[in-house]
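Below, read A as the first sequence line, B as the second, and so on, with proteins coming before strands; counting in each chain starts at 1. Predicted model only: the values in this text are computed from it and were never measured.
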Amino acid sequence: MVRPNEEVEALLQEYADLIAITGGEAFKARAYEKAARAIGGYPADVSHLDVAGLKEIPGVGKSIAEKVVEYFHTGHVTVVEERRARIPAGVRQLITIPTLGPRKAMALYQDLHISSVGELADAVKAEKLRDLKGFGRKTEENILHGIALMQQAGGRILMSTAMEAAEDIVAELSRITGCEHCAYGGSLRRMKETIGDIDILVAARRSAPFMDALTELPSTGEVIAHGEKKTSIRTVKGVQVDLRVVRPDAWGAGMQYFTGSQAHNIRTRTIAVRLGLKLSEYGLFETESGKRVASRSEDEVYARLGLPLIPPTLREDRGEIEAGLRGELPEVVTERDIRGDLHTHTDLTDGLTSLEEMVAAAAERGYAYYAVTDHAPNLYMQRMTDDKIRAQREQVRSLDGEHHGMRLLHGTELNIGPEGEVDWPDEFLRGFDLCVAAVHSHFNVGRKAMTHRLVHACENPHVNIIGHPTTRLLGKRPGIDADLDEVFAACARTGTALEVNAQPDRLDLGDEDILLARSHGAKFAIDTDAHSIPQLAFLRYGVGTAQRGWLTPDDVINTWPLRRLRRFLRKDRAG
DNA sequence: GCCGTTTTCGGCCCGACTGTTTTCAGTCG
């Protein structure tokens, strides 16, 4: 993530909301929304760009480019200030309430002078909305319900949480007679780090049995909508699940549509329009005759649009359409490409499982190699000593090759101290096959010191992988403040890989940081940081995140044969 | 406001559901 880009994204999104609330200029609002997304996801820092540079970003034209420049020059944008003066901030807050959009928010403000969520709740209770056109008893209920939801949950859940729920529901629905296909789509299929709601698609001739089944699952807490084509529920845990049922011959078009992203679909539909076609969840049709030309599989739909099958994890309108049209779509890394895990723990430090058991479980996964990297002494609570790690090394050597010929690497997870120093001196580090190094404390040393700290760690000839590089915890702790361009460049220069940590609450680096790091020529390691056997399976979340960062097997050191990996791990050290 | 192999104007993805209407607007994804 690039902070200035996020600021601009928020600003443009706010302006789009304000335009939508004041009404009339729907396409203008949409243009600002699109530009906000484009800048938020742009890998380079936009605060360094001039108008010409900004206009290179798709969706950003002269007018928006000038506003961005004005923002970085003066700290504000005049037209945004003007809109803010007309619409109190609380009115914009209203549209975050589910079922309440810009039109209703404006009606509430104009007719009843409501400008905060609290005032709205009071007005509903005082029955003041009754006389408003377009508002009825049910609308009142929905508003109060929406406010309650907003206050308790506040939004998105981890990918892993959604995955477990989705796989359960898919298994249930797949058992129903007449089910030809059933799968999850949406942001979960795209493997976004957090998920707003779960989208499930079924292919069947009759929809009712599936719609009914969803509303009757034990995990279903509340039914939001129950129709012939679509049913929405909220689970007892508060996760919204949308189910759509399509005819079996529309399965591909349905999956294409419900996988998204919205931005990606806008692009595919626009391409369809240019070809004289119309794309919907029911298929690809000739506009003139209405004749269906593709729908059965995603392959077929994309092919008819002149595109290869685009992996779901790339469907974000971040260049995948253009790459596809040019035939230059990357062969993204898959779980099958991973030959070994390079960051794992045992019960010698804070893992839950013994070395023997972890190694046996890793071998079961079919790995060619596997690294054990317990914590080093400076993470004091783990009580590591020189003797303990030497004893572990002996144990690792004795198990090497004992399971299906899987090779073992003995490593450690070092702590990167406030100055970038690590736990052991060079001569001791020389005894390890590889070293992961990570920040575990002193998160607030300041941007400059944090940057220097990470660069210094990269320059250590024994540090091979920077573990969970931003140390973020999703929903709990933001990433560290450092000049990531400088850090990633240092990784590329020194032959230090960046980790894609697969722990579901980390996913660190995240997709956007991966894109940035890749542009610097850095290499990556997709690791689970497993502290138990089940956590070895977190790998898929790391692989999904790596795919979202457009990584190919060549970018990822733990897809390489052991010989090539060992050469990389030597960095530029003599011998 | 953005964009361009229908190119400087006139388009802009498209459909489902709900609630309030009595044929449709608003919201959502």
| query | When the nearest nucleotide of DNA chain B is assigned to A:E228 and to A:G59 on a heavy-atom basis, which residue is associated with the more 5' position? | reply |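 In this pair, the answer is A:G59.
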| Does A:H226 or A:I57 map to a spot on DNA chain B nearer the 5' end, using the closest nucleotide for each? | A:I57
| query | Just checking, is any N or O donor in the side chain of A:T139 or A:N142 under 3.5 Å from an acceptor N or O on the other one? | reply | no
Checking all strands, does [X] fall into the base, sugar-phosphate, or nothing category for heavy-atom contacts under 4.0 angstrom?
| X | result |
| --- | --- |
| A:H264 | nothing |
| A:R137 | sugar-phosphate |
| A:K133 | nothing |

Separation of atom [atom1] in [X] from atom [atom2] in [N], rounded to whole Å:
| X | N | atom1 | atom2 | value |
| --- | --- | --- | --- | --- |
| A:R274 | B:dG10 | CZ | P | 18 Å |
| A:K28 | B:dC2 | NZ | C1' | 12 Å |
| A:D17 | B:dC28 | CG | P | 11 Å |
| A:I97 | B:dG26 | CD1 | P | 18 Å |
| A:K104 | B:dA25 | NZ | P | 13 Å |
| A:D199 | B:dC28 | CG | C1' | 11 Å |
| A:L18 | B:dG1 | CG | C1' | 16 Å |

Tell me whether the side-chain N/O atoms of [X] come closer than 4.0 Å to OP1 or OP2 in [N].
| X | N | result |
| --- | --- | --- |
| A:R269 | B:dG15 | no |
| A:N142 | B:dG19 | yes |
| A:K278 | B:dG15 | yes |
| A:T139 | B:dT20 | yes |

| Given A:V91, which of A:I21, A:L108, A:L18 fulfils the side chain to side chain contact (heavy atoms under 4.5 Å, CB included) condition? | A:I21
| Where the side chain of A:R30 is defined as all heavy atoms beyond and including C-beta, which of B:dC13, B:dG15, B:dT20 is the nearest nucleotide? | B:dC13
| query | Pick one: which of A:R37, A:R190, A:K192 meets salt bridge (Lys or Arg N to Asp or Glu O under 4.0 Å) with A:E316? | reply |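 When A:R37, A:R190, A:K192 are each tested with A:E316, the salt bridge (Lys or Arg N to Asp or Glu O under 4.0 Å) holds only for A:R190.
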| request: Would you state whether a donor and an acceptor, one from the side chain of A:Y257 and one from the base of B:dG29, lie under 3.5 Å apart? | output: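 A donor-acceptor contact between them is present.
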